[in-house]
Structures are given as C-alpha cells and as structure tokens.
J.: 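I'd like to ask you about the structure that follows.
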Amino acid sequence: FRGNEEKVFEQQPNLFCYHYHWIEEPDETWPEFIKKCGPGVDDPSQPPMYCSIAKYCGFTLNPFLVSRKFWIDELSPQFAEWKVHDPFQNLEYYMNWEPGAWNERPWIVAQGEGLFFHEDIEKWGA
C-alpha cells in the first residue's frame, strides 16, 4: 500500500497499522485510526509505540507478546474452532478473515520498535 495508503481502508483495513513503518507520525494523518502510546508519548527519548484497535491491526504469526491470561482467555479458545474450520488455511488466515476471530474484537494492538524484528535470511541474507 506504499503510496496508496488510503486504499487499505477499502481493501484490507486490518493492514493499516503497518503504515507506521514508512509514514512519519501516522497519528497526525489518521488520528481516528492510530495514536501514539506507551512511554514515548511523554518521554521523547523513548521510541514511540503506535496503538490501533484490532480492526486496523491484524493478527500475525510474527513474534508478539501478550499476557498469559489474554492467551488463555481470548486466543487459545479459538484454536479448536480454527482446526475444524478449514484444514487448508493457517491460523493467521483464520484470525484475520473469520468473522469474530480478531478484527471485530475490542482489543488494542501496540506496535513499535522493540524486542523483535523480521529477518528473512533466505530473501535478504544475514
């Protein structure tokens, strides 16, 4: 969506939150969809985090952190449904496309520079 950021709302809104990777201060352009959160809000020496509701920030199988309680209470109960739903689709597909699995939930997703980064050694080398 780089260069066509507004189209995300028509095509796949749950990809919106990733704009923060290439748009400086996305909270100033789309304050109704994303806002700064975390320590960087009050302390400019900290990198900003950006928060969106789940509708605008899809589920990912990339590394992420959740509380044990959230995992047990909210996510793991869906795994049984996912297994019987369609064995040819993976968990990420299910969570992002099955109504009620992720996108319609009232969860807040925070993203920013942190503990994890994506490195595809086969594509980009070490």
Side-chain angles (χ1 to χ4, degrees):
F1 289 105
R2 185 174 289 193
N4 297 292
E5 286 78 14
E6 295 293 329
K7 289 186 178 181
V8 75
F9 298 110
E10 301 165 13
Q11 295 175 354
Q12 194 174 351
N14 65 357
L15 296 179
F16 167 75
C17 67
Y18 305 119
H19 287 16
Y20 92 91
H21 289 290
W22 66 88
I23 299 289
E24 297 268 340
E25 310 292 338
D27 55 310
E28 293 179 9
T29 304
W30 299 283
E32 65 275 29
F33 302 111
I34 195 166
K35 65 180 183 172
K36 281 186 184 169
C37 57
V41 171
D42 298 319
D43 182 355
S45 71
Q46 299 291 320
M49 298 290 285
Y50 290 98
C51 288
S52 298
I53 60 172
K55 177 178 181 177
Y56 300 111
C57 200
F59 179 84
T60 180
L61 291 176
N62 288 321
F64 63 97
L65 294 173
V66 295
S67 71
R68 184 174 188 270
K69 181 174 177 24
F70 183 82
W71 181 267
I72 291 169
D73 294 350
E74 303 291 345
L75 294 182
S76 65
Q78 296 188 64
F79 296 163
E81 176 63 26
W82 161 63
K83 287 179 186 176
V84 298
H85 176 72
D86 185 342
F88 299 103
Q89 301 298 339
N90 66 32
L91 179 60
E92 188 170 307
Y93 181 92
Y94 174 82
M95 294 297 275
N96 285 308
W97 292 101
E98 180 67 16
W102 181 270
N103 296 336
E104 289 86 22
R105 300 296 187 105
W107 302 325
I108 304 295
V109 179
Q111 289 196 97
E113 296 189 30
L115 299 174
F116 308 111
F117 64 95
H118 187 82
E119 182 177 296
D120 190 327
I121 294 173
E122 289 187 24
K123 281 187 183 177
W124 314 109

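Count residues from 1 along the sequence.
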J.: Check Pro77 against Ile72 and note the closest heavy-atom contact, atom names and distance.
T.: CD-O, 3.2 Å

J.: Taking C-beta and beyond as the side chain, do Phe70 and Leu75 meet within less than 4.5 Å on heavy atoms?
T.: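 Yes. Closest side-chain heavy atoms under 4.5 Å.
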
J.: Report the distance from atom CG of Leu15 to atom NZ of Lys7, rounding to the nearest 0.5 Å.
T.: 14.5 Å

J.: Which value, rounded to the nearest 0.5 Å, describes the distance between Cys17 atom SG and Gln111 atom CD?
T.: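 Answer rounded to 0.5 Å: 4.0 Å.
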
J.: For Glu92, does its backbone N or O pair with a side-chain atom of Asn96 as donor and acceptor, under 3.5 Å?
T.: yes

J.: Would you indicate whether Glu32, at its atom CD, is surrounded by more than 12 heavy atoms from other residues, nucleotides or ligands within a distance under 6.0 Å?
T.: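 Enclosed: over 12 neighbouring heavy atoms sit under 6.0 Å from CD of Glu32.
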
J.: Between Gln12 and Asn14, do the side chains contain an N or O donor and an N or O acceptor separated by less than 3.5 Å?
T.: yes

J.: To the nearest 0.5 angstrom, please state how far the CD1 atom of Ile23 sits from the OH atom of Tyr18.
T.: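 Reported value, rounded in 0.5 Å steps: 16.0 Å.
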
J.: With side chains defined as the heavy atoms from C-beta onward, is the minimum distance between Ser76 and Trp71 less than 4.5 Å?
T.: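 Ser76 vs Trp71: side chains touch.
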
J.: Are the side chains of Lys55 and Arg105 in contact, using a 4.5 Å heavy-atom criterion?
T.: no

J.: We want to know whether Glu5 and Trp30 form a side-chain donor-acceptor pair, criterion being a heavy-atom distance below 3.5 angstrom.
T.: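 Side-chain D/A pair, Glu5 to Trp30: absent.
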
J.: With rounding to the nearest 0.5 Å, note down the distance linking NE2 in His19 to CZ in Phe33.
T.: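 The CZ atom of Phe33 is 10.0 Å from NE2 of His19, to the nearest 0.5 Å.
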
J.: What heavy-atom pair brings Asn103 and Ala54 nearest, and what distance separates the two atoms?
T.: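 Reported closest heavy-atom pair: OD1-O, 3.8 Å.
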
J.: Run the ring pair (Phe, Tyr, Trp, His ring centres under 6.0 Å) test against Phe59 and tell me which residues pass, sequence neighbours left out.
T.: Phe64, Trp102

J.: Checking Ser52 side chain against Cys57 main chain: does a donor-acceptor pair fall under 3.5 Å?
T.: no

J.: In terms of relative ring orientation, are Tyr50 and Tyr20 parallel, tilted or perpendicular, with 30° and 60° separating the classes?
T.: tilted

J.: Is there a chain of hydrophobic side chains (I, L, V, M, F, W, Y, each step under 4.5 Å between heavy atoms) that links Tyr94 to Val66?
T.: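 Result: yes, single cluster for both.
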
J.: Passes side-chain contact (heavy atoms from CB on, under 4.5 Å), Ile34 versus Tyr56? Steps please.
T.: CA-CA 8 Å; Ile34 195 166; Tyr56 300 111; over 6 Å; no

J.: Measuring only between side-chain heavy atoms, which start at C-beta, is Lys36 closer than 4.5 Å to Glu25?
T.: yes

J.: Who pairs with Asp42 by side-chain hydrogen bond (donor to acceptor under 3.5 Å, both in side chains), at least two apart in sequence or on another chain?
T.: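 Testing Asp42 for side-chain hydrogen bond (donor to acceptor under 3.5 Å, both in side chains), a comparison that skips the adjacent residues, returns none.
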
J.: Which atom pair, heavy atoms only, marks the closest approach of Gly112 to Met49?
T.: CA-SD, 3.7 Å

J.: If the condition is side-chain hydrogen bond (donor to acceptor under 3.5 Å, both in side chains), which residues does Thr60 pass it with, not counting sequence neighbours?
T.: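 Partners of Thr60 under the side-chain hydrogen bond (donor to acceptor under 3.5 Å, both in side chains) test: Asn62.
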
